[in-house]
Structure formats: structure tokens, C-alpha cells
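Beneath this line is the structure, given in C-alpha cells, with notes to follow.
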Amino acid sequence: MITTNFKIDSPEGISFSYELASLTDRGVAYLIDLAIRATVMVAFGIVMLVALGPVIFAGVGMWLIVYFIVEWGYYVLFELLWNGQSPGKRLFNLRVVKLHGTPVGFFDSLLRNLLRAADALPPLFIVGSYAFGAMTLLVSKRFQRLGDLAAGTIVVLEHKNHYAGTMSLPQLQKLDHGALGPEAALRGARLSTREKQLLAEFAARSYRLHPQRAEELASIIAAPFAKRMGRPLEGSATEFLLRLHAAAGERESSS
Amino acid sequence: MNAHEMLRQRRGDWDALEDLLRRFSSNHKRAHATPEELSHFASLFRSVCADLDRARAQGLSDDLVDYLNSLAARAHNIFYVAPPTQHGSIIRFFKLTLPLTIRRNAVYVAAGIFLFYAPMLATIGLAASNEDTLYQLIPKKMLENYEKMYERGHKQGRGETQDMAMTGFYVKNNVGIAFTCFATGIFFGVGSLFFLVFNGIMIGAVVGFLSNSPVAMNLLSFIAGHGPFELTAIGLSGGAGLRLGFGALITANRLRGESLRLAALDAVQLVAGAAALLLAAALIEGFFSPSALPMAVKFGFGGVCTLFLFFYLAYWPWRQGRARLETEGAI
């Protein structure tokens, strides 16, 4: 199966998964890095032109050497300084990691970035087209270009600020359990883990939905629950599900 | 416990870990963390791992599991950061690690150097004996342009500022050639093979053509200093590319990806060695080669460098290294 997740077993005895960065994510990050490098080189060129006007040959030489350093050293330098991130990757929350989720070292970074010379083939004007790299990335299981395959690295997408508001459930705390007491609610309705999860997900999502849409969805889910509890579904289905969710949580923590 | 309660109880720790991750996103700060910070980091990381495990086992909301998963994954990467570079590790690399790698991959290194030098020397010979055939390989016009560049006379040294421009051009160009010889080796060695022979012929043609011209001594004394480093670096890079390509081609009962990664471990060391040679070449090319020193000094220096390189590539691992080679039975 093709999946964008890559599972890693950690020494902590748990496994977690990384989301692999797609071709588009990486392409856009590459363009940002390319723009940064181009800007640096143009700016440096102007400085050389202004500072060394009369001795322009020296300026050209310096510029070519700096160009060489920037061309081959940019990625290696940043991937070492920022633990697998270049400015473009950082902007899009991408990170280069080893196959085991550990950070890239000097030789890993050197290898994957020198091999850009192969990935970038065939050339397109003065930059690479990255056709080879893109092709390899699309056919490889872990979205790796040639440099990644050789160095044993993957590029992952890190999620940040991904929870917060959705989980705080302020309204849930305000709900009055009296109308549908925990005991009453759960009489005859032993909820499975999956069902509790479903309720929790609905509770988390309900605040992001338009109330009418939430009610629409809730009525679909709520009906089977109400039926099992042997009571007709009255009033707001959203509220019914939120109460059931709160009750399920309370029952568990009290037991 | 439901997601809501877990969030209420544990959120403080999660936020604390987020703070640490933000701070440690720079390797410099991570390396200079105090012992208290590190032990705090360790305990937070492990507790978040436990939270993730619990959230999964109890089937808590997917949102929460996803969040904890990403937090643990990010922390894992920073927690197991590569150890800081040790003092003296660069010296050790050139004194022991690289020579041992060269021994292990002697076939590839020799092949790379041969595939580059043989066409080069052959083309130089061709230029000396039969110029017309040479012009069929490379247009005369192009070669004459090179001649013009050297005519200015290195004996007196060119204008200093022009040296800088030329040095810049050569460094960029030759480093590009060397790294391309390496990188294209991943196509089962074919790219390295092609670029080694191609550049061998091109460079041989230029040198051969100029050797016949009145400015021959200018050119030869100019390249005598940095030539051995630069040319050998191209051969070594190509050899590293061949190593990479053969790793991908001949898997010896391993998965192809694994075989490639294993070959790459050696190849990248060889190419790092080549990069060091290129750096040396650039420095010599910038300061020594264009200087007004007598030709004899330049040729003498080139000779010493060639001997040194031959010694280093073919013989080097000194005492400690040789002892290790013998126990490994690598020679």
C-alpha cells in the first residue's frame, strides 16, 4: 500500500509515524532556497561591482568562488546548523531525517546534496530540471530522490500547533449532566473504545463546524446510540452526543 | 480518562516540551544545553511517549493521537541528535579513516584514476604526434581560445586582478567536473565512466594543444603546482562514483537500496577526500601557480606534490592503520 506515513520504532518502546513530504512540498521549498541563493549571489555581485569597480576581475573571481561555495555548501551548512532544515524547508516545516528518525550527520548531508548533481539532470537553462529526482521520488516507496536513497534519508513534514483550540472543549465543561445523568445515559449502552473515540472526535470537531451542519451530522450518529439506550432522541442531537461523551469520560475515570 | 481530561492534566508538560523543542531547533543551543535542561528534556520526552501510548491504547481522539505523535516524532529527532564533532576528528579522518577506505576500495579508486588519466595522456600523445586527428575531436578554434588565455605569459605573472578571475573560473569549473563525475555514478556507474573519459579527453586535448604552442612552458609551469591535486581529485571522485554505481548494480544478496546505502558510506568518504584535494588545488591555484616564482620551483613543487599524492593514495595508512589492515586482512 502506498501511504504518506512512515512508521518508526523508537528506543522508548513506542512507535510513531512521520508524514513524508510530497513532491510539491519539496519543490516549493526548493524554489524558496533557489530564490534565497539567487538573491545572495545578486546582492554579492552588486557589492563586488560597487566596491571593486576599477579592479573588476578580482570581483569576478571572488564572485565565482563564493558562487561555488554557495552552490555546493548551502544545503550542507544549513542542514547541519538547523538539524536537517534549510531555510526553504524550515518555512514549510520540512525536515531531513535518517530512516530511523535520527538526525542527519555531516556525511549524510554531504552525500544527499552532492547527489543533487544527478537528481537535477537533465539541465534546464542554468539550473537543474530535477526530472530524475522527481521521477525517483514518485516511484520510491518513501518519496526519496536519488540522494536520499543513497544517504538513507527521508524528508518529513512536521505538524506544528496542530491541536490547541480544537481540544479545549470549553462548552463541554459547561454542560449540565443532570438532564442526562451518566448512569442513566449509559444504562444498557456499553460503549466500545471505538465508539468513545467516535464521540471524542465529534466533540472535538463540533466546535469547528457550523451549528446546523454539526446538528445534521450528529443526528446521523446519535440515532443508533439513542436506540440502544432505549430512549427517543429529543432535542439537540449535538448536545446529546456531547453529554454522552462527557458521561463516557466520567464513568471511566471514576472506575 | 478521555481526551479532554488527558489534555487538562498533561498539557503543562506538552507545552514545556514544545518550548524546549523550539529552543533546541538550533543545533548550537542543543549542544550547549545545561545538564538540568537535558534531564528535564529526557523526562518530558519519555512522558509524552507514554501519553502517546496511552492515548492510542484507549482509543482517544484521532486529533490528540496525531498531535502527540508529531510531538514525540519531533522530540525524538532532537533528543537523539548526532554527537558533537570531536576535537581532532578531521585529522583522524585524513590520517586513518580515509586511507583505510581507500584500501578497501582500491579497485574503484584505481579504476577512477586510470579512466581519467589514460584518455588524458593518450590525447596529449595524440596532440604531439598527429594534430589533425585532434582537431577532429575538438575544433581548432576552441583550442586557440585557450591558447590566447595563456599567451599573456605566466612567467612574469599576469595582472593580479585577472588571476583572481581566472582562478575563480577554474575552481568553479573543476569542482563542478569532479562532483559531476561522482554524482552521475549513481546511474550504475555509467555517468562516472562517461564524464571521466570525456573530461580526460577534453583536458588532455587542451594541454596537448598548448604544449605544441610557443606558450607551452607558461601553461605547464602554471598547472604544475595545482594540477596533480585537481586532476587526481577528479579521478578520485569518479572512483567514488563507480563505487556508488556498482553498489547499486551488484547487490551481493542484499536489497538493492541497502546495497546502495552501504556503498555510499564508503563513496562519500572518498568524495570528501577529493573535496579536500580540490580545496588544496584552489589555494595553490590562487596564490602559488600565478606567482612570478621561477619555473624550476613550480615544477619542483609539482613533482613533490605528485609523489606525496602517490604515496598517500597507494601506501599511506601509517603504523596504526597498517596494523589494523593486517588484522582485518584487507591487503
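Since the model is a prediction, treat every value here as computed from it, not as a measurement. Worth knowing before you read on, the calculation uses all heavy atoms, side chains too, and leaves out hydrogens, waters and symmetry mates. Every chain is numbered from 1, with letters handed out A, B, ... down the list of sequences.
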Using non-hydrogen atoms and a 4.5 Å limit, figure out which bit of A:Ser140 sits close to chain B: side chain, backbone, both or neither. neither
Inspect the surroundings of CZ in B:Phe198 and state if more than 12 heavy atoms from other residues, nucleotides or ligands are less than 6.0 Å away. no
Test: B:Asp19 and B:Arg22 ion pair at under 4.0 Å: yes
For the candidates B:Phe187, B:Phe79, B:Phe45, which exhibits the highest count of non-hydrogen atom pairs separated by less than 4.5 Å from chain A? B:Phe187
Can any side-chain N or O of A:Glu79 pair as donor or acceptor with the backbone N or O of A:Val96 at less than 3.5 Å? no
Chain B contact via A:Leu99 - which portion, at a heavy-atom distance below 4.5 Å: side chain
Heavy atoms only, distances under 4.5 angstrom: which of B:Ala275, B:Ala264, B:Gly247, B:Ala73 has the most pairs with chain A? Name it, please. B:Ala73
Quick one: is the NZ or CZ of A:Arg37 closer than 6.0 Å to the six-membered ring centre of A:Tyr74, and within 45° of its axis? yes
Does a salt bridge link B:Arg56 with B:Asp53, judged by any charged N lying under 4.0 Å from a carboxylate O? no
Let me know if A:Phe202 has heavy atoms under 4.5 Å from chain B in its side chain, its backbone, both or neither. neither
With distance as the sole test, does A:Asn83 use its side chain to make a donor-acceptor pair with the main-chain N or O of B:Ile78 at under 3.5 Å? no
Among A:Phe132, A:Trp72, A:Trp82, A:Phe106, which residue forms the greatest number of heavy-atom pairs with chain B at distances under 4.5 Å? A:Trp72
With respect to chain A, which residue among B:Asn69, B:Leu260, B:Val65 yields the maximal number of heavy-atom pairs within a distance under 4.5 Å? B:Asn69
Is chain B contacted by the side chain of A:Tyr67, its backbone, both, or neither, given a heavy-atom distance below 4.5 Å? side chain
Give a yes-or-no answer on whether the side chains of B:Arg74 and B:Asn77 include a donor-acceptor pair shorter than 3.5 Å. no
By a 4.5 Å heavy-atom criterion (distance strictly below it), what part of A:Ile14 contacts chain B: side chain, backbone, both, or neither? side chain
Return the option, out of A:Val66, A:Leu80, A:Leu114, with the maximum number of heavy-atom pairs under 4.5 Å with chain B. A:Leu114
Under 4.5 Å to a heavy atom of chain B? For A:Leu121 that would be side chain
Heavy-atom count check: over 12 atoms from other residues, nucleotides or ligands less than 6.0 Å from B:Phe246 CZ? no
Among A:Gly152, A:Ala117, A:Gly101, which residue has the highest count of heavy-atom pairs closer than 4.5 Å to chain B? A:Gly101
